[in-house]
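The block underneath contains the structure these notes are about, expressed in structure tokens.
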Protein chains: 2
Amino acid sequence: MGDEMDTARGRARDAQRRAEQFRRVRDAHQTEVAEDYVELVADLIEETGEARVVDLSERLGVTKATVNNTIQRLQRDGLVTSQPYRSIFLTEKGRTLAETSRERHHTVRDFLLALGVDADTAEADSEGIEHHVSEPTLEAFRKFLRKSG
Amino acid sequence: MGDEMDTARGRARDAQRRAEQFRRVRDAHQTEVAEDYVELVADLIEETGEARVVDLSERLGVTKATVNNTIQRLQRDGLVTSQPYRSIFLTEKGRTLAETSRERHHTVRDFLLALGVDADTAEADSEGIEHHVSEPTLEAFRKFLRKSG
DNA sequence: GTACAAATTTAGCTTCTACTAACTTTTAGT
DNA sequence: ACTAAAAGTTAGTAGAAGCTAAATTTGTAC
């Protein structure tokens with residue numbers, strides 16, 4: 001068994017490891033929408049007392065029809081409840097997801113701010129980044145915040 | 001025009017601003033796949049001399065059929081060229097995208113490493129994060145790297 | 001309490017990304 | 001040169017997320 005084979009094997013292992021990373025990113029995408037929705041539903045309930053399709057539609061920048069579609073799916077997945085023509089509520093599962101999601105979002109945003117990024121950019125970028133930050137990285141962010149705070 | 005209206009207006013403006021952020025994240029998603037592919041094609045050409053469907057398939061963790069599909073789309077969008085049963089090449093546009101994409105990827109990865117995140121996590125997270133980091137944030141990352149380096 | 005406006009829902013369509021299974025072409029071994 | 005394996009392609013399917021347009025329900029102003 002020569003070097004060539006070892007190299008080939010090494011490459012194969014490498015490829016599999018990287019494939020796993022891409023898979024994780026793809027999986028993250030599937031939960032991103034769910035996280036954005038439940039986070040927003042939680043915010044709206046706190047701010048205005050209820051979460052309506054039209055509010056989600058405005059804040060997300062998609063049509064009401066799209067919101068409706070997605071809410072159906074989230075209901076199917078046990079994250080929200082809603083009766084026809086009534087506003088939207090979070091299930092326990094939904095509340096938990098909203099909570100961890102929000103915590104992550106804030107950590108990322110505060111971290112970017114602490115790093116010297118301007119407020120608008122920090123808010124905008126954290127929206128995209130929050131879904132792709134693992135717990136170890138979040139912990140590194142928190143550590144930085146403690147030191148710089 | 002009382003406080004109530006001002007608040008309502010303020011909320012509407014706020015909603016629009018946030019909607020813009022979500023829109024940006026959604027747009028980023030559309031280019032993510034393209035960026036991952038061209039970056040990988042560039043890597044493979046450098047490492048092995050050519051980029052084949054089967055290699056992309058292995059590294060991305062998707063089937064060859066999926067790679068084929070996507071390559072068609074990238075070709076349609078002018079990022080790659082490929083003749084049937086032949087390996088894949090980047091266009092000038094594709095090379096440019098691969099280059100900026102790779103630079104961003106490395107900046108994010110090196111930044112996470114400098115922050116104390118372990119190598120595996122840095123590699124995995126940077127894969128997800130790289131597509132959502134704006135230029136100002138990247139610049140803040142670079143600045144941190146210069147200071148800590 | 002009726003009519004109108006606002007909100008919600010439904011129907012039908014598109015694009016993207018993924019899959020499996022079957023097929024064709026190319027490459028490599030003998 | 002032939003055959004088998006590897007690589008690439010095609011066809012058909014599915015689900016997610018978006019859209020527009022039309023229908024329906026709810027809420028409100030008079």
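Chain A is the first sequence line, chain B the second, and so forth, proteins listed ahead of strands; every chain is numbered from 1.
When heavy atoms are screened at a 4.0 angstrom cut-off, V67(A) is found touching no nucleic acid atom at all. If you check every strand for non-hydrogen atoms under 4.0 Å, R76(B) touches sugar and phosphate atoms only.
Both A34(A) and V54(B) lie near DNA chain D, and the one whose nearest nucleotide falls closer to the 5' end is V54(B).
Rounding to whole angstrom units, CZ of residue R52(A) and P of dT9(C) are separated by 12 Å. Following rounding to the nearest Å, K64(A) (NZ) and dA7(C) (C1') show an atom-to-atom distance of 6 Å. Between the P atom of dG8(D) and the CD atom of Q75(B) lies a distance of 15 Å, rounded to the nearest Å. Look at CD1 on I71(B): it is 11 Å from P on dG8(D), rounded to the nearest Å. Separating the CG atom of D27(B) from the P atom of dT15(C) is a distance of 17 Å, rounded to the nearest angstrom. dC19(D) atom P lies 8 Å from atom CZ of R23(B), rounded to whole Å. Atom CZ in R73(B) sits about 12 Å away from atom C1' in dA18(C), given to the nearest Å.
For R102(A) and E46(A), the salt-bridge test passes: some basic side-chain N is under 4.0 Å from an acidic carboxylate O. A salt bridge is absent between E39(B) and R18(A); no separation between the charged side-chain nitrogens and carboxylate oxygens falls under 4.0 Å. Of the charged side-chain nitrogens involved, at least one lies within less than 4.0 Å of a carboxylate oxygen, so that R52(B) and D55(B) count as a salt-bridged pair.
For the segment residues 77-91 of chain A, the set of residues with a heavy atom within less than 4.0 Å of an atom of DNA chain C comprises Q83(A), P84(A), Y85(A), in numerical order.
For the residue pair D118(B) and T121(B), a side-chain donor N or O sits within less than 3.5 Å of a side-chain acceptor on the partner. In summary, the side chains of E32(B) and H29(A) do present a donor paired with an acceptor at a separation below 3.5 Å, with no hydrogens or angles considered.
For the atom pair N68(A) CG and L56(A) CG, the distance stands at 10.5 Å (nearest 0.5 Å).
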